[in-house]
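I have placed the structure first, in the form of structure tokens, so that the comments after it can refer back to it.
Counting begins at 1 with the first residue of the sequence.
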Amino acid sequence: MEKISAKELYKKLQIEKISLIDVRESDEFASGHVPGAHNLPLSSLTENYTRLDKDIHYHVICQKGGRSARACEFLEARGYQVTNVEGGVEAYPESLTK
């Protein structure tokens with residue numbers, strides 16, 4: 001599984017468009033998320049992952065990195081291109097969007 005730090009993600013977002021999935025629950029996402037992230041809670045991933053496009057590389061984030069790692073393992077096993085954001089939104093170096 002590919003990995004990237006939250007700081008590296010921040011830098012990357014400044015120069016390119018990235019498909020970012022936040023796998024925290026909806027209430028966590030609503031309280032603050034990385035700008036441009038789309039919410040797909042880990043708890044509903046098994047029912048909704050087929051909405052994702054296998055031709056797109058996704059970066060996956062959560063609060064600290066554990067849930068996103070599990071989501072990446074799940075998606076990677078099904079042929080998706082994913083990168084886990086280690087440290088999650090807690091390590092993201094800028095204010096989150098509400």
Side-chain angles (χ1 to χ4, degrees):
M1 167 189 341
E2 288 186 39
K3 299 173 187 174
I4 189 173
S5 73
K7 288 181 182 180
E8 290 171 314
L9 173 70
Y10 173 76
K11 291 176 188 174
K12 203 171 181 180
L13 283 168
Q14 305 310 305
I15 57 174
E16 64 183 279
K17 185 176 176 171
I18 292 174
S19 294
L20 181 62
I21 300 171
D22 189 323
V23 295
R24 295 176 302 150
E25 294 304 312
S26 300
D27 60 328
E28 293 174 285
F29 184 81
S31 69
H33 56 273
V34 174
H38 299 281
N39 190 218
L40 179 55
L42 182 63
S43 62
S44 66
L45 187 63
T46 56
E47 296 89 34
N48 296 307
Y49 77 93
T50 56
R51 296 179 186 173
L52 302 175
D53 185 339
K54 285 189 176 181
D55 293 329
I56 294 175
H57 187 112
Y58 295 98
H59 286 69
V60 185
I61 195 167
C62 66
Q63 191 67 31
K64 295 181 181 180
R67 285 179 280 180
S68 57
R70 289 195 305 273
C72 283
E73 289 172 2
F74 176 85
L75 292 168
E76 202 170 59
R78 284 150 184 83
Y80 290 87
Q81 305 167 60
V82 292
T83 298
N84 184 39
V85 180
E86 294 185 317
V89 296
E90 280 193 8
Y92 196 72
E94 189 173 276
S95 296
L96 302 175
T97 300
K98 291 185 180 181

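Contact of the Ile61 side chain with the Ile21 side chain is not registered, since no non-hydrogen atoms from C-beta on lie closer than 4.5 Å. Under the 4.5 Å side-chain criterion, counting only non-hydrogen atoms from C-beta, Glu8 is not in contact with Tyr10. Counting heavy atoms from C-beta on, the side chains of Thr97 and Val34 never come closer than 4.5 Å. In this structure the side chain of Asn39 reaches within 4.5 angstrom of the side chain of Ser26, judged on heavy atoms.
Summarising the geometry of Pro93 relative to Ala6, their closest heavy-atom pair is CD-O, 3.9 Å, with the distance given to 0.1 Å. For Thr50 against Tyr80, the heavy-atom pair with the smallest separation is CA-OH, 3.8 Å. Between Val23 and Ala71, the shortest heavy-atom distance links the atoms CG1-CB, 3.9 Å.
Using a 4.5 Å cut-off between side-chain heavy atoms of Ile, Leu, Val, Met, Phe, Trp and Tyr, with links allowed through other members, Leu20 and Val60 fall into different hydrophobic clusters. With hydrophobic clusters built from ILVMFWY side chains whose heavy atoms lie under 4.5 angstrom apart, Val82 shares a cluster with Leu42.
Cluster note: Ile15 groups with no other residue, as no ILVMFWY side-chain heavy atom lies under 4.5 Å from it.
Within the model, atoms CE of Met1 and CD of Glu76 stand 6.0 Å from one another, a figure rounded to the nearest 0.5 Å. Distance check: Ser43 OG to Arg24 CZ gives 13.0 Å after rounding to the nearest 0.5 Å. The distance from the OG atom of Ser5 to the OH atom of Tyr92 is 11.0 Å, given to the nearest 0.5 Å. One distance of note links CG of Leu9 with CD of Glu86; it measures 12.0 Å at 0.5 Å rounding.
A search for side chain to side chain contact (heavy atoms under 4.5 Å, CB included) contacts involving His57 returns Glu2, His59, Gln81, Thr83, not counting sequence neighbours.
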Task: Derivation and outcome, side chain to side chain contact (heavy atoms under 4.5 Å, CB included), residues Leu75 and Tyr58 - done: CA-CA 10 Å; Leu75 292 168; Tyr58 295 98; 5.9 Å; no
Task: Check against side chain to side chain contact (heavy atoms under 4.5 Å, CB included), Lys98 and Leu96 - done: CA-CA 6 Å; Lys98 291 185 180 181; Leu96 302 175; 5.8 Å; no
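Here the options are Ile4, Val85, Leu13, Ile56, the test is side-chain contact (heavy atoms from CB on, under 4.5 Å), and the partner is Ile18; only Leu13 passes.
Screening residues 45-74 for salt bridge (charged side-chain N to carboxylate O under 4.0 Å, His left out), with sequence neighbours left out, gives Glu28-Arg67.
Asp22 contributes no side-chain N or O that, together with a main-chain N or O of Phe29, makes up a donor-acceptor pair within less than 3.5 Å.
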